[in-house]
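Written out below as structure tokens is the structure these notes cover.
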Amino acid sequence: MNKMQTTETSKIHTTGIHWHKLTAVMKLKTRALFSKNFIIMPIFAIGLTLALKFLYRFIADGNDEMLTFMYSMALGLGVTMNVSMTGMVCTSMSLAEEKEKHTLRALMTSSVNGLEFFLGSIIPVLAMIVAVNILLILVAGISISPAGWALWLGISLLCSIASTVLGMILGICAKNQVNASTLSTIPLLVFAMIPSFSAFHPTIKKISDLLFTGILMDTSKSLMTGTPTVEPIGLAVIAVEIALAVIAFLLIYRRNGYDAD
Amino acid sequence: MTNEFIRLTHIFKSFGKTEVLKDLSAVLHQGEILGFLGPSGAGKTTTIKILTGQLKPTAGDAYVLDTHVKDINTTIYEQIGIVTDQSGIYERLSVYDNLKYFAQILRVNAGRIDELLKRVGLYEHRKKPAGKLSKGQTQRLVLIRAVLHKPKVLFLDEPTSGLDPSTALEIHNMLTEFKEEGMAIFLTTHNMEEAAKLCNHVALLNNGQIVEYGTPEELCLRYNKDKRYRLLLSDGSTLVLGQTPAEIDRLSDLLREDKVNSLHSCEPTLESVFLTVTGRSLQ
């Protein structure tokens with residue numbers, strides 16, 4: 001009976017957004033993002049890029065062409081890790097924690113509606129991912145044109161949206177933080193690791209080209225080569241994946257609210 | 001709007017084939033406490049969930065502040081407060097920040113936070129992480145969070161369950177104050193003393209059905225079939241007398257001879273009324 005009771009919970013919503021409620025949720029989520037459980041993820045992405053940069057410099061041993069290729073690998077790994085881990089894991093674990101500690105119910109019965117909670121949860125994560133992606137360009141030590149920056153920010157933001165919406169879906173499906181962490185593992189492997197190994201086999205590259213993180217990695221490589229670009233097919237892949245993630249989220253949310261359990 | 005804040009009319013609720021609420025009807029007015037008294041599984045929490053829009057009734061009508069529960073949206077929560085065992089706190093945030101967060105959501109002046117913290121004796125703990133509070137302190141925090149915005153209706157689901165008697169007493173005093181300020185309180189409990197002490201009306205709930213409804217006094221007197229009196233005599237012994245002519249004469253004699261130290265009527269408690277009506281205990 002308890003399960004059936006909870007399934008109707010937290011679906012109550014209004015269509016409007018109240019700025020003061022959205023701001024309150026965003027402030028809380030931003031604060032949570034800087035807690036040790038979550039901040040470790042963007043720090044890991046920066047640390048990984050830095051470590052690889054120094055390692056590759058040592059391996060390239062003055063070969064500039066090789067160094068450029070390897071730096072693009074380091075940057076690509078950093079950004080895919082950042083977008084996948086911060087986007088999916090932080091978002092899903094944050095929602096799962098609210099459910100586990102029963103604060104989600106307290107929040108939803110304090111007049112915060114589903115849309116305010118959704119936006120309040122993902123906007124700080126989006127900001128964090130984009131900021132770290134900017135930082136990663138600086139860490140990688142490459143200089144790019146204003147047009148390159150615009151492309152980079154745009155692609156970073158779009159990929160972050162796909163990642164955080166996936167994170168919200170995982171959060172809905174998770175009962176608690178441990179469960180959220182477990183559920184995130186496979187999507188994390190798919191979205192972070194496949195693009196990372198795309199240079200090693202054509203089949204992996206084909207799969208990577210169908211992932212938003214793969215497109216992001218290709219964009220980062222194009223920045224390194226001085227010709228920032230993204231193919232229209234790449235933009236289409238990102239758009240389709242965002243659309244699919246949003247549709248999946250809405251279907252699951254309409255059925256269960258934020259409490260799928 | 002009248003001063004009728006809650007109305008339940010012939011409410012039914014089923015989960016699959018299991019009927020958990022059967023034909024519930026009750027009314028709660030401004031400045032009153034309505035107690036739903038029953039053992040675990042009687043349907044108390046389900047009733048609160050229906051009244052707060054978290055569950056939909058299978059049949060019947062329920063109104064909260066003139067809004068039908070089927071039409072409830074999140075704005076109703078700006079006028080009601082809820083305390084249940086599912087009312088979680090942000091453990092890493094301080095006591096003050098927990099309240100500040102909800103004050104911002106509900107557009108409450110920060111001064112109200114200090115006022116309430118002082119009122120429940122948590123002001124000196126305001127900088128402490130909420131996760132470090134004792135169970136009684138946490139319950140007080142949850143309670144003041146629910147009344148931050150001065151709601152018109154307060155829903156309390158077993159608010160003193162598992163608390164020590166002194167903390168329970170503090171909460172009772174707070175609830176009495178809220179009631180006197182005009183708040184309508186919907187209270188569920190299986191503690192009959194709590195219900196008798198606080199409630200203007202009680203509904204005895206058994207297996208999803210209201211088996212008795214009225215003021216605590218009415219219910220106790222309604223089942224006071226065998227009028228009896230308990231006497232503590234000056235020699236230390238106790239004596240229970242009924243209302244037969246002989247027993248009345250005996251009582252008169254004892255009083256005349258000044259042998260009675262105390263005299264109490266033996267009307268049933270809510271618990272014994274519940275036992276009489278349902279054949280089962282409240283615990």
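Not measured: the values here are computed from a predicted model. When reading the values below, keep in mind they use all heavy atoms of this one structure, side chains included, and skip hydrogens, waters and symmetry mates. Each chain gets a letter, A, B and so on, in the order its sequence line appears, and its residues count up from 1.
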>> Using heavy-atom distances under 4.5 Å, tell me whether A/Leu22 contacts chain B through its side chain, its backbone, both, or neither.
In response: neither

> A/Glu97 versus chain B, heavy atoms under 4.5 Å apart: side chain, backbone, both or neither?
Replying inline: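 Contact with chain B is through the side chain of A/Glu97 alone.
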
> Are there residues of residues 83-96 of chain A that reach to under 4.5 Å of chain B by heavy atoms, and which ones?
Replying inline: none

> Roughly how far, to the nearest 0.5 Å, is OG of A/Ser111 from CG of B/Leu106?
Replying inline: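 Atom-to-atom, B/Leu106:CG and A/Ser111:OG are 5.0 Å apart.
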
Any side-chain heavy-atom pair of [X] and [Y] under 4.5 Å:
X        : Y        : value
A/Asn113 : B/Asn73  : no
A/His18  : B/Arg107 : no
B/Leu93  : A/Arg31  : yes

> By side-chain hydrogen bond (donor to acceptor under 3.5 Å, both in side chains), which residues pair with B/Ser14, not counting sequence neighbours?
Replying inline: none

> Can you list the residues that meet the side-chain hydrogen bond (donor to acceptor under 3.5 Å, both in side chains) rule with B/His149, with sequence neighbours excluded?
Replying inline: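 With sequence neighbours excluded, B/His149 shows a side-chain hydrogen bond (donor to acceptor under 3.5 Å, both in side chains) to no residue whatsoever.
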
>> Which heavy atom of A/Glu98 sits nearest to which heavy atom of B/Tyr90, and what is that distance?
In response: OE1-OH, 2.7 Å

> What parts of residues 95-104 of chain B touch chain A if we use heavy atoms and a cut-off under 4.5 Å?
Replying inline: B/Asp97, B/Tyr101, B/Phe102, B/Gln104

>> For A/Glu116 and B/Ile105: C-alpha separation, side-chain torsions, deciding distance, then whether side-chain contact (heavy atoms from CB on, under 4.5 Å) applies.
In response: CA-CA 11 Å; A/Glu116 287 156 355; B/Ile105 288 166; over 6 Å; no

> By a 4.5 Å heavy-atom criterion (distance strictly below it), what part of B/Ile82 contacts chain A: side chain, backbone, both, or neither?
Replying inline: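 For B/Ile82, the side chain is the part near chain A, not the backbone.
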
